[in-house]
Amino acid sequence: MTIKAILSILFFFVVYLALIASGIALTILAGYAGFKIIIAKPMFVTLMIGAGLICMGILILIFLFKFIFEKNVIDRSHLVEITREEEPMLFEFIEEIVGSVKTNFPKKVYLSSDVNASVFYDSNFWSMFLPIKKNLQIGVGLINSVSELELKAILAHEFGHFSQRSMKVGSYVYNVNRILHDMLYNNDSYNSIAQSWGSVNGYFAFFTGIAINIVQGIQWVLRQVYQVVNLNYYALSRQMEFHADAVAASVTGSEPLITSLLRLDLASHSFSKVLDYYSNKISESIATKNVYEQQTLVMNFIAGKSNLEVHNNLPLLTTDFINRYNKSKLTIENKWDTHPSIEDRIAELQKLNIEKSEENKILATCLLNNRIDLQCKFTNKLFSAVSYSGSVVYNENEKFFEEFKDEFLSGSFNEIYNHYYDNKNPDFDAFDLRTTESTGKAMKKEVNELFSNAAIDLVYNANSLVSDINILKQILSGDYRVKSFNYDGHQISTKNCSELIDKLEIDLKAIKQKILENDIEICSYFFGLANKHNKREELKKYYDIFFELDKDYDEKFEFYANVINASHFMYRTCSFDEIKRNMVLLKKEEAKLRKQIANILDSNIYRKSITTEIREAFNKYLSEEWVYFNVNQYIESELALFNRSIADYEAILSKTFFEAKKELLDYQVQLLQKHE
């Protein structure tokens, strides 16, 4: 893999040098031709043609060499360097791991706020030729989420990268990608130069247009080179991850790295949830002094709600739990992944099956000197960019947890349903009143049977089958280009896609029939309860409201999706003419969306979801036709109003739909509680 990656880098340099040689030759030829034309018959026309040819050559050379003049600034504002004097136990811990791995101590050690650890190096042009010294970055959110032994495994993985000579290849790829990115995407200043030269007169515009076409041809070549370089490097990168995992397992055994890999997604999710909570509290000037204590509260609360064991204040996750809702049997190698999947890494670690006798009890936070002070310092760093309108009030952990728990429960369905409705809606066909009338009095199953793990598996098997079939159809049509794929452990050629799709559609139909039968039983059960308490019409009303919204949601969401698709051009580099053409198409789709926004403002159904602030923003948005692009630049203030309006529109649709679904399901729980 290393050899392939190095050869692809050499391929880039050969191609790039060939492009430079061609560019220089074309510039000399254009300059010579221009000079000859001017000398042959000096007059205004020949002067303009000659100057235009020279201008064309210079523009091509500027494009080929412009990356040299670009500044490469690495943002390290999120990092805080630590020293041995500040964190003696952590440095001693790192030294022990370095000794076990037999590699070099990092040049510098940094702490960051997040749930991550990584190796990085000071990569610049000269790092391709000189030895590179690697730095270590450890997230405080990570230290807060693992045991000492698990942190040892994670850092041993990172030092496994230190020991890899193939890390040097990354320095080359980094600089190659920087050059390619600059030439493919960072062209605002170049386009400005070309536009200003082309605006001199018609002659210059003609030759500038030729230069732009040549540049586009060069970019096409570079895109192909980009694929070759990165596909080979990413393949190497995935192998380097497996190798670093093996290094970690040799130091701590396989299990500590497995348990930490399984927990990190939950730890990161919990950290984000706390930050989201305080993001919504900015207007109230509410913050916290220690975000990490609250990360632990959230992590263990979610673990408890998911029936996970919590040992020593850390949740224990399993591969079965991680994959409980992913029933897909389709595996397609993604050649653009820089890292193998967690599942693949765990499978390889289990194959190694290295056992060590160390116990996994002490929390990693014990390695920190003045843990609370450090956590408060990084919390303050996280919140330092926020501007509050009033004096900041700091939430105590108890108050935060009570509010978070209430929000969590209000945004989820009752535990009785066992996640049955998390990715599924009540079925309209099962709701058929004639069916409900005939079975409503006979409760054939108990509620725990209706929402058993077997019933949940049916739902997620159906969801996975739908996803697999859609991907296979893309492969069959050629939209997804692969030669073969793996399904249920069997390697299958693309040409056999059609047969597999037919088989899976039969399987899907059978599963959907079983789900429908269960949904009919569910309707029968709850309408039976409603009949006993004379609440049939009330329950029917909740179903009617939900199904009306269900039908309305798809139609209204389509307007939002069309506007999003029509506005994609604003997030990539386009010529001014292209922007103007796309803006016309956007305005057509936006006009339809504006009508929908006006409709939901007048609708009683959506009223509860529309805050005063959102209503004011909507009214401003609808008050006039906004211009998002003028002459040669976007108008940021008007774009901000546009983006907020479409985001609020989607949020209102989703919130109203969710609340109608929750009200229906909560009402059924009330009926059940009355019955009990």
Side-chain angles (χ1 to χ4, degrees), residues 1-2 5-6 9 70-84 86-87 90-91 93-95 97-98 101-143 145-146 151-182 229-230 233-245 247-248 257 260-261 264 267-268 271 336-340 345 364 378 381-382:
M1 289 297 182
T2 305
I6 291 170
I9 292 166
E70 293 291 334
K71 291 183 179 179
N72 180 33
V73 179
I74 299 173
D75 180 19
R76 293 189 185 168
S77 59
H78 63 295
L79 301 177
V80 173
E81 185 181 352
I82 55 170
T83 62
R84 187 181 301 274
E86 293 169 325
E87 297 294 341
L90 182 59
F91 268 71
F93 183 72
I94 293 171
E95 274 187 338
I97 302 168
V98 166
V101 177
K102 297 181 176 58
T103 188
N104 298 321
F105 198 88
K107 178 185 176 185
K108 292 181 179 180
V109 179
Y110 294 92
L111 292 181
S112 67
S113 61
D114 54 11
V115 187
N116 193 19
S118 64
V119 173
F120 69 97
Y121 44 84
D122 303 311
S123 188
N124 52 43
F125 179 78
W126 298 110
S127 67
M128 292 192 290
F129 310 103
L130 300 174
I132 53 174
K133 292 185 177 180
K134 306 172 192 79
N135 306 306
L136 177 66
Q137 176 255 314
I138 314 171
V140 176
L142 171 69
I143 297 173
S145 310
V146 294
L151 182 63
K152 189 175 186 179
I154 292 166
L155 296 187
H157 169 96
E158 298 305 328
F159 290 127
H161 288 309
F162 271 51
S163 69
Q164 293 167 337
R165 286 180 295 172
S166 49
M167 278 285 285
K168 183 75 175 177
V169 177
S171 180
Y172 284 89
V173 173
Y174 173 84
N175 284 287
V176 166
N177 279 338
R178 191 164 62 86
I179 295 168
L180 288 168
H181 183 274
D182 181 75
V229 171
N230 284 283
Y233 177 65
Y234 291 165
L236 169 62
S237 178
R238 292 192 295 273
Q239 292 302 314
M240 288 166 66
E241 289 301 315
F242 285 128
H243 174 267
D245 282 348
V247 171
L257 189 56
S260 60
L261 286 172
L264 287 187
S268 183
F271 187 64
W336 291 97
D337 279 340
T338 57
H339 286 58
R345 290 176 66 184
F378 273 90
K381 187 175 178 63
L382 274 170

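Position 1 is the first residue of the sequence; numbering continues from there. Predicted model, so just to flag it, every value in this text is computed and none were measured.
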Exercise. Side chain to side chain contact (heavy atoms under 4.5 Å, CB included) between F378 and V80: does it pass, once the steps are laid out?
Worked result: CA-CA 9 Å; F378 273 90; V80 173; 3.8 Å; yes
Seminar exercise, completed: Between the CZ atom in F105 and the CZ atom in F91, the distance rounded to the nearest 0.5 Å is 5.0 Å
Exercise. What are the two closest heavy atoms between A153 and L257, and how far apart are they?
Worked result: CB-N, 3.8 Å
Seminar exercise, completed: Heavy atoms of A5 and Y233 approach each other most closely as CB-CA, 4.3 Å
Exercise. For the residue pair F159 and P106, what are the closest heavy atoms and their distance?
Worked result: CE2-CD, 3.7 Å
For this session: Identify the heavy atoms of P340 and E241 that sit nearest to each other, and give their distance.
Result: CD-CB, 3.6 Å
For this session: For the pair E95 and R84, find out whether any cationic side-chain nitrogen is under 4.0 Å from an anionic carboxylate oxygen.
Result: yes
For this session: To the nearest 0.5 angstrom, please state how far the OG atom of S77 sits from the NZ atom of K381.
Result: 6.0 Å
Problem set entry | Main-chain N/O of D245 paired with R345 side-chain donor or acceptor, under 3.5 Å | no
Exercise. Given L111 and I143, is the side chain to side chain contact (heavy atoms under 4.5 Å, CB included) satisfied, shown in steps?
Worked result: CA-CA 10 Å; L111 292 181; I143 297 173; 4.3 Å; yes
For this session: Check whether any side-chain N or O of K108 sits under 3.5 Å from a backbone N or O of Q137 as a donor-acceptor pair, and report yes or no.
Result: no
Problem set entry | Geometric class of the Y234/W336 ring pair [parallel <30°, tilted 30-60°, perpendicular >60°] | perpendicular
Problem set entry | Reported CG-to-CG distance for the pair L142 and N116, which is rounded to 0.5 angstrom | 7.0 Å
Exercise. So, the side chain of S145 versus the backbone of G141: is there a donor-acceptor pair under 3.5 Å, distance only?
Worked result: yes
Seminar exercise, completed: To the nearest 0.5 Å, atom CD1 of I138 lies from atom CD of E87 at 9.5 Å
Problem set entry | Flag, side chain of E86 to backbone of T83, donor-acceptor distance under 3.5 Å | yes
Problem set entry | Distance in Å, S260 OG paired with K152 NZ, rounded so as to fall on 0.5 Å steps | 14.0 Å
Exercise. Do N135 and V109 have side-chain heavy atoms sitting under 4.5 Å apart?
Worked result: no
Seminar exercise, completed: When every non-hydrogen atom of G160 is compared with those of V101, the smallest separation belongs to N-CG1, 4.3 Å
Problem set entry | Separation between CG of D114 and CG of L382, rounded to the nearest 0.5 Å | 9.0 Å
For this session: Without swapping roles, check the side chain of S237 against the backbone of T338 for a donor-acceptor pair under 3.5 Å.
Result: yes
Exercise. Does a sphere of radius 6.0 Å around CG in N104 hold more than 12 heavy atoms from other residues, nucleotides or ligands, not counting ones at 6.0 Å or beyond?
Worked result: no
Exercise. If you look at every heavy atom in A156 and I97, which pair is closest and at what distance?
Worked result: CA-CG2, 3.7 Å
